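Below is one structure; the comments refer to it alone.
In what follows, residues are counted from 1 in the order of the sequence shown. We use all heavy atoms of the structure for the numbers below, so side chains are in, but hydrogens, waters and symmetry mates are not. Fair warning: this is a prediction, and the values are worked out from it, not measured in the lab.
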Amino acid sequence: MEQSPMIDRFQIENKFKYFPLAVGSAQVIGLLILTLVAVWTGHCLGGFAWDGSSLQFNLHPLCMVVGMIVLYADAIIVYRVFRTKPKKNVKLLHAFIHVAILSFATVGLVAVFDNHNANHIPNMYSLHSWIGLSTVLLFSLQLVFGFVTFLFPGLAMEYRRFYMPIHVCFGLAIFGMAVVASLTGITEKLSFESLTGPEDQRLLYKFLPPQGVLANCLGVAIVLLAGLVGFVVLNPNYKRLALDDEYRVVFNS
């Protein structure tokens with residue numbers, strides 16, 4: 001006995017009951033993260049410059065959060081949001097966002113290394129720096145492998161099918177590493193603000209001053225965004241529909 005169209009429609013609507021809420025919440029939290037990191041670095045930490053000073057350092061958390069957290073989250077869920085659209089177009093959007101992410105990450109890394117070198121601060125000694133640089137390097141490899149496999153020149157169909165779950169798994173893992181790097185970076189910066197500089201200008205983080213509350217809220221928002229991204233991507237009900245162009249390369253060699 002065939003199911004009625006009304007029952008089918010009800011089942012489809014029930015499957016996607018929380019999808020708009022999850023995606024919409026992710027965008028709202030993304031905007032909140034952008035606002036918090038901009039206020040923290042642009043106001044609480046004094047603004048921006050490109051002169052080797054602490055103001056140049058402020059570009060590091062700003063660019064890394066914008067790129068490796070907010071844009072990366074959108075890059076991951078773009079295949080779920082546009083699940084019924086031609087994959088060629090979604091691939092190009094996915095790749096464009098990744099290039100933007102790498103651009104922000106590059107500026108962020110140059111800013112922090114320049115600042116450290118100008119002020120004779122050692123590089124790559126903290127857990128945050130180890131996780132952070134590893135994350136960017138893995139992200140860069142992910143971008144290269146994805147481009148070669150799915151865009152140009154495009155590997156044979158069986159190799160694309162084999163690599164797809166690996167690409168997805170590593171993408172989520174790298175995003176998780178970016179979240180950890182951000183949280184350790186926020187904590188490290190607050191600790192430095194509490195321990196360095198003139199004593200009367202130090203951040204009394206243990207008393208939870210406004211800057212500490214703002215930075216803590218930034219960290220909580222990043223965790224919430226990561227949770228929503230995981231919910232959207234790992235929920236089988238939201239999986240992209242298999243269309244005729246599912247494994248077609250974008251550019252033919």
Side-chain angles (χ1 to χ4, degrees), residues 30-75 95-144 174-175 177-203 205 209-219 221-222 225:
L31 290 174
L32 175 62
I33 290 172
L34 292 177
T35 302
L36 290 174
V37 73
V39 172
W40 184 38
T41 54
H43 175 68
C44 298
L45 298 179
F48 311 101
W50 197 269
D51 55 4
S53 68
S54 61
L55 299 184
Q56 179 171 336
F57 173 88
N58 293 344
L59 289 167
H60 173 67
L62 177 69
C63 290
M64 302 311 283
V65 168
V66 171
M68 297 300 297
I69 298 299
V70 178
L71 289 180
Y72 202 173
D74 280 342
F96 174 79
I97 298 175
H98 272 67
V99 172
I101 294 168
L102 187 59
S103 300
F104 275 104
T106 300
V107 174
L109 287 178
V110 172
V112 70
F113 277 110
D114 276 0
N115 167 257
H116 281 197
N117 294 335
N119 294 278
H120 308 290
I121 301 173
N123 291 306
M124 300 303 301
Y125 65 89
S126 68
L127 177 62
H128 164 69
S129 62
W130 287 21
I131 297 174
L133 187 59
S134 298
T135 301
V136 175
L137 291 176
L138 288 173
F139 176 84
S140 302
L141 291 175
Q142 174 88 338
L143 177 59
V144 171
I174 295 168
F175 180 65
M177 291 177 64
V179 170
V180 174
S182 296
L183 298 179
T184 56
I186 291 170
T187 302
E188 185 177 290
K189 179 59 177 175
L190 291 172
S191 298
F192 285 164
E193 291 290 303
S194 301
L195 299 173
T196 60
E199 190 169 346
D200 60 340
Q201 297 179 15
R202 293 179 185 177
L203 177 70
Y205 185 35
Q211 183 183 160
V213 173
L214 187 148
N216 285 355
C217 289
L218 173 61
I222 290 173
L225 179 62

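When atom types are taken as modelled, the side chain of T135 and the backbone of I174 share no donor-acceptor pair closer than 3.5 angstrom. A distance-only check finds a donor-acceptor pair linking the side chain of N58 to the backbone of G47 [under 3.5 Å]. At least one donor-acceptor pair closer than 3.5 Å links the side chain of D51 to the backbone N or O of S53.
Annotation: side chain of N216 is in contact with side chain of L190 (closest heavy-atom distance under 4.5 Å). K189 places a side-chain heavy atom less than 4.5 Å from the side chain of L45. In this structure the side chain of L127 never reaches within 4.5 angstrom of the side chain of E188, judged on heavy atoms. Between W130 and T184, every side-chain heavy-atom pair lies at or beyond the 4.5 Å cut-off. In this structure, P209 and L203 have side chains that are in contact, with non-hydrogen atoms separated by less than 4.5 Å. In this structure, the side chains of Y205 and T187 stay at 4.5 Å or more apart for every pair of heavy atoms.
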Exercise for the section: Go through the steps for C217 and V213 under the test side-chain contact (heavy atoms from CB on, under 4.5 Å), then give the verdict. Expected result: CA-CA 6 Å; C217 289; V213 173; 4.1 Å; yes
Practice task
Take N123 and N117 through the test side-chain contact (heavy atoms from CB on, under 4.5 Å) and record every step on the way to the result.
Solution key: CA-CA 8 Å; N123 291 306; N117 294 335; 2.9 Å; yes
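Between G52 and A118, the closest heavy-atom pair is O-CB, 3.9 Å. Residues L36 and A221 approach most closely at CD1-CB, 4.5 Å, considering heavy atoms. In terms of heavy-atom proximity, L225 sits nearest to A73 at CD2-CB, 3.9 Å. The heavy-atom pair separating I222 from S182 by the smallest distance is CD1-CB, 4.0 Å. Listed here is the closest heavy atom pair of G30 and V70: O-CG2, 3.9 Å.
A distance of 10.5 Å separates OG1 in T35 from CG in L218, rounded to the nearest 0.5 Å. Rounded to the nearest 0.5 Å, atoms CD1 (I97) and CG (L102) are 14.0 Å apart. Remark: T41 OG1 to F57 CZ distance equals 10.5 Å, nearest 0.5 Å. For the atom pair H116 NE2 and H60 NE2, the distance stands at 7.5 Å (nearest 0.5 Å). Rounding to the nearest 0.5 angstrom, the gap separating the CH2 atom in W40 from the CG atom in L62 is 10.5 Å. Between N115 atom CG and L55 atom CG the span is 9.5 Å, to the nearest 0.5 Å.
Heavy atoms of other residues, nucleotides or ligands lying less than 6.0 angstrom from CH2 of W50 number more than 12.
Ring geometry for H98 versus F139: interplanar angle under 30°, hence parallel rather than tilted (30 to 60°).
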